[in-house]
Number of protein chains: 2
Amino acid sequence: MTSRDPIADAAARLLAARPTASMAEVAAAAGVSRATLFRRYPSRSALVIELSRRAVEAYTAAVEEARLEEGPAADALARLLGGLTRLAPGYGLLALQPIDEAVEADLLALAAETDDRVRRMVHRGQESGDLRVDVPAEWVLSSVTWLVVAAADGVRLGRLAAGDVERLLTMTVLDGLRRRGASAGDAAG
Amino acid sequence: MTSRDPIADAAARLLAARPTASMAEVAAAAGVSRATLFRRYPSRSALVIELSRRAVEAYTAAVEEARLEEGPAADALARLLGGLTRLAPGYGLLALQPIDEAVEADLLALAAETDDRVRRMVHRGQESGDLRVDVPAEWVLSSVTWLVVAAADGVRLGRLAAGDVERLLTMTVLDGLRRRGASAGDAAG
DNA sequence: CTCATCTGAGACATATATGTCTCATGGGGA
DNA sequence: TCCCCATGAGACATATATGTCTCAGATGAG
């Protein structure tokens with residue numbers, strides 16, 4: 001996950017994994033001094049807002065790139081998982097940072113449009129027989145979001161190989177959500 | 001999730017959902033004053049250690065109650081999910097609290113024995129043909145752990161009904177991890 | 001070589017959180 | 001009714017974190 005701002009990237013990774021980290025620790029993780037961090041971001045709150053904005057943008061971009069309206073829903077879901085797997089190490093648990101409520105409301109509103117695209121993909125998959133109908137789109141959204149965090153955490157702890165997680169995720173999520181009887185590669189049940 | 005100590009229960013729930021909450025906020029959530037909280041737990045660190053100990057104990061008890069050595073592994077996994085679903089609201093993200101490294105090492109060692117029981121259940125399920133063999137036990141452990149957190153989070157946010165989550169989890173996790181061709185209730189593929 | 005820009009280090013002020021202590025109050029048991 | 005225990009509230013001290021500022025040094029461009 002790359003961005004134009006290595007300080008923001010390092011900060012996001014640290015705060016995603018360690019929500020209670022101080023600004024001194026964030027600066028150290030970013031390889032700069034506290035003074036430089038504060039030159040770039042005037043407060044911890046400003047930093048968290050910026051990182052949260054980037055997280056929502058990255059999520060929206062990943063959903064865009066997954067082209068959820070194209071092809072079988074299962075394939076679209078696989079593409080989505082690929083994109084989100086790349087985001088999770090840097091953004092996964094950032095939502096745990098305290099943030100101004102008005103800003104949070106704005107960000108949630110932005111993310112809501114993107115969430116809706118995912119829901120619509122789930123619904124069309126259920127209508128086409130591609131995805132199981134006994135699972136609400138809400139659960140698909142939640143489980144996908146948290147499983148990419150699980151994958152990132154497993155890699156961070158050295159329990160999973162980074163090269164394996166996308167395949168594992170895709171396999172297990174698809175088999176958990178696909179309609180019974182459908183298999184990988186099938187377009188019909 | 002009930003315990004003999006309502007202060008500890010409330011503290012665990014708050015810190016699981018909001019890792020950056022202060023002791024004042026913990027006290028408020030527990031319905032006691034800061035003075036009383038400090039009478040019961042001499043420091044934030046002491047509180048976090050106690051809550052972490054309880055989390056590991058509860059995890060161990062849930063794995064014990066799931067009787068992972070009995071019956072088909074898929075059934076054992078379903079029982080485990082049921083037990084862990086009840087734990088997640090109170091303990092899910094508690095691991096994000098900073099804790100003394102020596103204490104953490106002790107707790108990890110305790111949890112490791114319980115983790116091994118889960119791994120053994122996965123292995124015997126793979127040997128018996130009950131669970132898919134292309135997914136490492138590590139991923140089973142990770143995904144189960146984080147999906148129960150996802151379920152708890154979904155309920156907390158009002159997106160999922162508490163009564164539904166165990167069924168949704170069990171269905172989707174089992175279908176994601178079961179060997180291809182096996183179905184609910186089957187003992188053979 | 002000079003100058004502008006950026007940075008790190010550390011001092012300092014402020015804010016917040018933690019932890020301690022004291023006193024008044026309330027509840028329950030004898 | 002009395003006494004003991006537990007509690008809340010708030011004051012206070014200490015620690016930690018945040019945020020600001022200044023100065024020296026390094027780097028790169030002209």
Side-chain angles (χ1 to χ4, degrees), chain A residues 2-55 90-104 107, chain B residues 2-55 90-104 107:
Chain A
T2 186
S3 138
R4 297 164 308 275
D5 185 348
I7 292 178
D9 292 344
R13 277 196 299 277
L14 179 68
L15 291 176
R18 234 161 25 77
T20 57
S22 66
M23 291 294 272
E25 291 170 314
V26 170
V32 297
S33 70
R34 281 197 321 115
T36 296
L37 181 59
F38 277 100
R39 280 187 190 106
R40 204 66 61 82
Y41 298 97
S43 63
R44 182 186 181 100
S45 175
L47 173 66
V48 169
I49 289 173
E50 175 60 18
L51 296 181
S52 299
R53 264 197 351 89
R54 285 157 180 264
Y91 293 112
L93 291 173
L94 207 51
L96 293 170
Q97 290 300 308
I99 191 172
D100 177 68
E101 282 185 27
V103 174
E104 181 172 34
L107 293 173
Chain B
T2 187
S3 134
R4 296 165 309 273
D5 185 347
I7 292 178
D9 293 345
R13 278 195 299 276
L14 179 68
L15 291 176
R18 230 159 31 75
T20 57
S22 66
M23 290 295 271
E25 292 170 314
V26 169
V32 297
S33 70
R34 279 200 318 118
T36 297
L37 182 59
F38 277 101
R39 282 187 188 105
R40 203 66 60 85
Y41 297 97
S43 65
R44 183 186 181 99
S45 176
L47 174 65
V48 168
I49 288 172
E50 175 58 18
L51 296 181
S52 299
R53 263 202 344 93
R54 283 161 179 259
Y91 293 112
L93 292 174
L94 206 52
L96 294 170
Q97 290 299 307
I99 191 172
D100 178 67
E101 281 183 24
V103 173
E104 181 171 34
L107 293 173

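So you know, we letter chains A, B, ... as the sequences are listed, proteins then strands, and number each from 1. Below, each value reflects all heavy atoms present in this structure, side chains not excepted, and no hydrogens, waters or symmetry copies.
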Let's go through B:Ile99 and B:Ser52 carefully: what are the C-alpha distance in whole Å and the side-chain angles of both, what is the deciding distance for side-chain contact (heavy atoms from CB on, under 4.5 Å) to 0.1 Å, and is it a yes or a no?
CA-CA 9 Å; B:Ile99 191 172; B:Ser52 299; 3.7 Å; yes

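- When all heavy atoms are compared, the tightest approach of A:Pro98 to A:Val48 is O-CG1, 3.8 Å.
- If you check residues 25-33 of chain B against DNA chain D, the residues with a heavy atom closer than 4.0 Å are B:Gly31, B:Val32, B:Ser33, listed by number.
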Taking protein heavy atoms under 4.0 Å as touching, what does nucleotides 18-24 of chain D look like 5' to 3' if B marks base contact, S marks sugar-phosphate-only contact and - marks none?
BBBBB--

Verdict with supporting geometry, B:Asp5 and B:Arg54, side-chain contact (heavy atoms from CB on, under 4.5 Å)
CA-CA 11 Å; B:Asp5 185 347; B:Arg54 283 161 179 259; 3.5 Å; yes

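- Not a single side chain to side chain donor-acceptor pair (under 3.5 Å) links A:Ser45 to another residue, sequence neighbours left out.
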Does the pair A:Tyr41 and A:Met23 meet the rule for a side-chain contact (heavy atoms from CB on, under 4.5 Å), with working shown?
CA-CA 11 Å; A:Tyr41 298 97; A:Met23 291 294 272; 5.5 Å; no

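- Between B:Ile7 atom CD1 and D:dG8 atom C1' the separation is 12 Å, expressed in whole Å.
- Atoms CZ (B:Arg18) and P (C:dA17) sit 11 Å apart, rounded to a whole Å.
- No donor-acceptor pair under 3.5 Å is formed between the side chain of B:Glu50 and the backbone N or O of B:Leu47.
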Applying side-chain contact (heavy atoms from CB on, under 4.5 Å) to A:Thr20 and B:Leu96, what does each step give before you reach the verdict?
CA-CA 8 Å; A:Thr20 57; B:Leu96 294 170; over 6 Å; no

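- Scanning all heavy atoms of the two residues, the minimum distance from A:Ala29 to A:Ala10 falls at O-CB, 3.7 Å.
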